[in-house]
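What follows is a single structure, written as C-alpha cells, with notes after it.
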Amino acid sequence: MRIDEIPTPAPIIDIDALDRNLELMAGRLPGQTLRPHVKAHKCTALAARQSAHGHTSFTCATPREVIGMMEAGVGDELLLANQVVDVTRLRAISNAREQSGALVHVAVDSTETIDAAAQGGITHVVIDVEVGMPRCGVRPEHAAALADYARRAGLEISGVMGYEGHLQMVTDVAEKEAKVADAMRQLRQAHDDVGGAIVSAGGTGTHTFHHIGLDHPTGVTDVQAGSYALLDTQYATLQQGFEQALIILGTVISTTARRCVADVGLKSLGMDHGNPTIADHSVWFCSDEHITFSSADEAPRAKVGDRVAVTPAHIDPTLAMHPVAWVVRDGEVIDRWEIDLRYW
Ligand SMILES: Cc1ncc(COP(=O)(O)O)c(C=O)c1O
C-alpha cells in the first residue's frame, strides 16, 4: 500500500526518522539511564522498538499504560509517574503485575494515594517531589514523613521522582543549567531523607542537562523523556538533533483563490501548544474537522484531492486521538501500529 491510499486524517510515522531519534537518544542515555515515557506515543509497538534500543524500564502516566505494557510484555520495570486514588485500577495493576512478573513502582504524594496503593495491592512506591512545577508532588521537606507513612502501610520505598516540566522549554543554556541543577538539588534533598534506588526526573527538553549517577550532587538515576521519539514542532525549536517523525496526513477538500482547506482539524490534532505547521504554507486556523491554510508566495497551490502533511505542535494529545498509526518508509506503508495504550 502507498501512503496516498491511506484514508485521512491519519497519523504517519516515518520509521527511519524514528529509528534515528531512538539511536541518538540511546547513545546519549543508554539502557536504564533512560526511562522512556510512553505517554508520548501510547503505543506498545513503538515501546518495543525503544526496548530494542536497550531501554527496559519505562515511565507511564495512566493505569491503562502500565497494564497495556505488561500485557504486551514490553519492559521489565514500569514507573507510574502519576497519582492514582482509584483502588479498582490499582488492583488491576497488581493483578497484571502478578501475571507478568514486571516490577511496578507507583508515584504517591499524599496519605490518600498511599492508602489507595496499599489497598490496591501495590508493593513499591516512589515519593513524587515537587521541584518547581505546580502540579503533583510534595515539597522536599515533607517527603520523609510521607515515606514513613508509606512504610507503616507496608509499602517499599523505591526512591523519588520529580518532574521539572516548567524548565523543558527554557532556551538560555546557562539559565537552564542553573535551574535544572536547583530543581535536582531539591529532589536529592528529598532522596537523602527517603532513600531507595531510584531518583527519576527530566524530559526531552532537559535530558542533556541532567547528570547521571548519584555520585554527582545533583545527579539522577534516569531520565523520563518521551517526546524525543516522534518529536513535535514545539520541541523541534530546541534543535537537539531529533527529527519530527510524525505527521498527520490530510486531504485537501476545498480551495478558493486565496486559501485551501484540508480534513485535519481539532479532532485529529493536539492544539494546546499552538497551531500545527504545513511546510511552505501558512496555517490560518483549525476548526473541528478542518485546517485552513494558504500557500507561501512561491509554493505551488494545493488542489482539491491533494495530500498534505500536517506536523503537530504537541505529539502526546495528537496520537491519543487516533486508534492506529501508519508506519512508512519511502512512501510505502510497511506496518500499522495500534495506539493501544489510549484511555485511562
Ligand atoms: C512525569 C513526566 N515525566 C517526564 C515527562 C517528559 O516528557 P517529554 O519527553 O515530553 O519532555 C513528562 C511530560 O509531560 C511528565 O509528565
Side-chain angles (χ1 to χ4, degrees), residues 11 13 32 34-53 55-110 112-128 135-136 150 153-159 161 163 198 200 203 222 224-227 229-230 270 315-325 335-344:
I13 293 176
Q32 294 201 329
L34 183 76
R35 197 185 286 273
H37 207 319
V38 303
K39 76 193 258 290
H41 50 71
K42 289 184 174 280
C43 173
T44 55
L46 203 160
R49 226 165 169 93
Q50 291 173 308
S51 188
H53 279 78
H55 313 297
T56 53
S57 308
F58 288 86
T59 310
C60 302
T62 64
R64 170 66 206 138
E65 289 175 5
V66 178
I67 292 168
M69 288 289 282
M70 288 191 278
E71 284 170 351
V74 183
D76 51 24
E77 190 183 325
L78 302 165
L79 166 59
L80 177 49
N82 204 359
Q83 277 59 27
V84 180
V85 286
D86 182 336
V87 174
T88 307
R89 283 178 171 150
L90 290 162
R91 172 63 59 193
I93 290 175
S94 303
N95 292 341
R97 175 179 51 76
E98 276 162 26
Q99 298 289 315
S100 81
L103 177 58
V104 176
H105 317 275
V106 173
V108 292
D109 71 353
S110 63
E112 290 84 351
T113 47
I114 290 170
D115 290 344
Q119 281 172 39
I122 298 298
T123 54
H124 292 71
V125 293
V126 295
I127 305 295
D128 191 355
R135 201 173 66 180
C136 297
L155 298 167
E156 191 160 324
I157 306 296
S158 304
M161 66 157 278
Y163 177 54
I198 295 175
S200 189
D222 57 85
Q224 301 178 353
S227 298
L230 295 170
I315 220 101
D316 314 38
T318 299
L319 260 187
M321 293 177 192
H322 298 268
V324 77
D335 212 343
R336 250 174 70 113
W337 289 348
E338 250 188 273
I339 311 303
D340 52 348
L341 302 177
R342 297 190 306 154
Y343 310 124
W344 295 269

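Since this is a predicted model, take the numbers as computed values, not measurements. For this chain, numbers begin at 1 and follow the sequence in order.
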Provide the closest heavy-atom pair for Gly120 versus Ser94 in the form atom of the first, atom of the second, distance. O-OG, 2.5 Å

For the pair Asp76 and Leu103, evaluate side-chain contact (heavy atoms from CB on, under 4.5 Å) and give the outcome as yes or no after the intermediate values. CA-CA 6 Å; Asp76 51 24; Leu103 177 58; over 6 Å; no

Let me confirm one number: the CG-CE distance from Asp316 to Met321, rounded to the nearest 0.5 Å. 11.0 Å

Side chain proximity check, Pro323 to Glu338, heavy atoms < 4.5 angstrom: no

Where Ser200 and Gln224 come nearest, the two heavy atoms and their spacing: OG-NE2, 2.9 Å

Indicate yes or no: at least one non-hydrogen side-chain atom of Ile67 is less than 4.5 angstrom from one of Ile93. yes

Are any side-chain N or O atoms of Thr59 and backbone N or O atoms of Arg35, one a donor and one an acceptor, separated by less than 3.5 Å? yes

Can you tell me how far CG of Leu90 sits from CD1 of Ile122, rounded to the nearest 0.5 angstrom? 5.0 Å

Can you pull the side-chain hydrogen bond (donor to acceptor under 3.5 Å, both in side chains) pairs that have at least one residue in residues 80-90, sequence neighbours excluded? Gln83-Asp128

Minimum-distance pair of heavy atoms, taken over all atoms of Leu78 and Val66: CD1-O, 3.7 Å

Begin with the C-alpha distance, continue with both residues' side-chain angles, and end with the deciding distance and a verdict on side-chain contact (heavy atoms from CB on, under 4.5 Å) for Thr123 and Glu156. CA-CA 6 Å; Thr123 54; Glu156 191 160 324; 6.0 Å; no

Set out, in order, the CA-CA distance, both residues' side-chain angles and the distance that settles side-chain contact (heavy atoms from CB on, under 4.5 Å) for Met69 and Leu341, then state yes or no. CA-CA 8 Å; Met69 288 289 282; Leu341 302 177; 4.0 Å; yes

What distance do Leu46 atom CG and Ile13 atom CD1 have between them, rounded to the nearest 0.5 Å? 5.5 Å

Any donor and acceptor pair, going by atom type alone, linking the side chain of His37 with main-chain N or O of Lys39 inside 3.5 Å? yes

Can a donor-acceptor pair be found, under 3.5 Å and without considering hydrogens, that links the side chain of Arg91 to the backbone of Gln119? yes

CG-NE2 distance between Leu230 and His41, expressed to the nearest 0.5 angstrom: 7.0 Å

In short, Val38 meets Ala47 closest at the heavy-atom pair CG1-CB, 4.4 Å

Could you tell me the separation between the CE atom of Met161 and the SG atom of Cys136, rounded to the nearest 0.5 Å? 8.0 Å

Take Ile127 and Asp109, measure what side-chain contact (heavy atoms from CB on, under 4.5 Å) needs, and give me the verdict at the end. CA-CA 6 Å; Ile127 305 295; Asp109 71 353; over 6 Å; no

Got Ile198 and Ser158 here, is their nearest side-chain heavy-atom distance under 4.5 Å? yes

Over all heavy atoms of both residues, which pair between Val84 and Thr113 is shortest? Give the atoms and the distance, please. O-CG2, 3.9 Å

Exam field: side chain His55 to backbone Ser57, donor-acceptor pair closer than 3.5 Å: no

Is there a donor-acceptor contact under 3.5 Å from the side chain of Arg97 to the main chain of Gly121? yes

Taking every non-hydrogen atom, the tightest pair across Phe58 and Gln50: CE2-OE1, 3.7 Å

For Asp340, does its backbone N or O pair with a side-chain atom of Arg64 as donor and acceptor, under 3.5 Å? yes

Any side-chain heavy atom of Val106 sitting closer than 4.5 Å to one from Val126? no

So, taking the atom named CG in Leu155 and the one named NE2 in His105, what distance separates them when rounded to the nearest 0.5 Å? 13.0 Å

